[in-house]
Number of protein chains: 2
Amino acid sequence: MKPTGKARGPRPGSILRVEGLSYGDLDEHLGYLLRRAQLAGFEAFHRATEGLDISPARYTALTIVGANPGLTQSALGAALGTARSGAMMVVNWMEKRGLVERCHRPDDGRSWGLNLTRRGQAQLRELNRRVRANDTAFAARLTAAERSRLRQLLEKLTG
Amino acid sequence: MKPTGKARGPRPGSILRVEGLSYGDLDEHLGYLLRRAQLAGFEAFHRATEGLDISPARYTALTIVGANPGLTQSALGAALGTARSGAMMVVNWMEKRGLVERCHRPDDGRSWGLNLTRRGQAQLRELNRRVRANDTAFAARLTAAERSRLRQLLEKLTG
DNA sequence: TATTGTTATACTCTATAACTATA
DNA sequence: TATAGTTATAGAGTATAACAATA
């Protein structure tokens, strides 16, 4: 049994509600509530992918490459909301792990086209399985109807 | 007219939806939707506090100290979900700016009690004004009823 | 022995800028 | 000249560990 990967970086810090402490206006501040929920989501993600040397950003990158074969690094960076150099590091990681290939594009010698390898596809399927299962557990406090409503509201909010 | 403060650090990166790109399973992933919304919230906060040398974490710290006079640094760290050393840096920043005072506690010589100064209180009021106004603008895509529902769902989700 | 504050250090993430090669 | 990728560097943020003072 080979090692599955080392833990990466510090655990995501959660914002647990401290007993007997007043939070002032924060409880009515939408941005703060979103931050709390999002950090809880990171924690859930971390639990779901324990030992896989992955991160939310890497998972996002993997998913987007998988959904857009031949994608350019710059386009990936734009999708991730990061600079080109940031996209580089993610792609380097994916390539070193054998999850993604950089393929020359015949039409433009400057840019690479990114494609998932077989292994990358398998890895992504496994991640999706884990993440989806954990997503439900994460949102277990909500009913299915409430989850759906929450998704809908978030999508409307973000545009 | 004195300078109001320098911009701090890199702007928060947003995740703009890229035209014509597929996002695979991400659109159904609650954690991803939360992340998007939260980053949009950071951006809104940044716009609202332009030039004030503040950050969401600092704003949170200021609010919590204001709502809990005499608070301990460790307690603040717990509320922020950060280590003691992290709380130190925030408090150092607040103290240097004259927003907070460290007061000796008669009952325990080890710990400080944190209190907002007059200036800190004024600063917090101004921040609340800006943040609240911008919060509405940020969530302008939603009706008042939807905003309220969203808040409710987020609170239920986080517990 | 445990806890508070403190300091020093390391690591992650990300932005910026300069460089190259193609266009 | 403009753009894609690359590389090096710097900054913010935060965790960890060790230390002193106090409990």
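The analysis underlying the following values was restricted to heavy atoms, covering all of them including side chains, and did not include hydrogens, waters or symmetry mates. Proteins get letters first, then strands, A, B, ... in listed order; numbering begins at 1 in each. Here the structure is a predicted model, which is why all the values come from computation and not from measurement.
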Item checked: Distance test, side-chain N/O of A:T82 to OP1/OP2 of C:dA15, below 4.0 Å -> yes
Next item on the list: Decide yes or no for B:Y32 and B:D25: does some side-chain heavy atom of the first lie under 4.5 Å from some side-chain heavy atom of the second?
Entry: no
Item checked: Nucleic acid contacts - residues 67-78 of chain B versus DNA chain C, non-hydrogen atoms under 4.0 Å -> B:T72, B:Q73, B:S74
Next item on the list: Examine D:dT6: is either OP1 or OP2 under 4.0 Å from a nitrogen or oxygen in the side chain of A:R102? Give yes or no.
Entry: yes
Next item on the list: Check whether the side chains of B:R35 and A:T60 place a donor and an acceptor atom closer than 3.5 Å, and report yes or no.
Entry: no
Next item on the list: Decide yes or no, distance alone: a donor-acceptor N/O pair under 3.5 angstrom between the base of C:dT16 and the side-chain of A:S85.
Entry: yes
Next item on the list: Scan residues 136-147 of chain B for pairs that pass salt bridge (charged side-chain N to carboxylate O under 4.0 Å, His left out), counting only residues two or more places apart or in two chains.
Entry: A:K156-B:E146
Item checked: Contact letters for nucleotides 18-23 of chain C, in which S counts primed atoms plus P, OP1 and OP2 and B counts the base, heavy atoms under 4.0 Å -> ----BS
Note to self: What's B:R105 touching, base or sugar-phosphate or nothing? Going by heavy atoms closer than 4.0 Å.
What the structure shows: nothing
Margin query: Among residues at least two apart in sequence or on other chains, which ones pass ring pair (Phe, Tyr, Trp, His ring centres under 6.0 Å) with A:F45?
Written below: A:Y59
Notebook entry, point to check: If we only count heavy atoms from C-beta on, is the B:V100 to B:T117 side-chain gap below 4.5 Å?
Noted result: no
Note to self: Checking B:F138 now: which residues fulfil ring pair (Phe, Tyr, Trp, His ring centres under 6.0 Å) with it, not counting sequence neighbours?
What the structure shows: none
Next item on the list: Please list, chain by chain and in numerical order, all residues satisfying salt bridge (charged side-chain N to carboxylate O under 4.0 Å, His left out) with A:R151, sequence neighbours excluded.
Entry: none
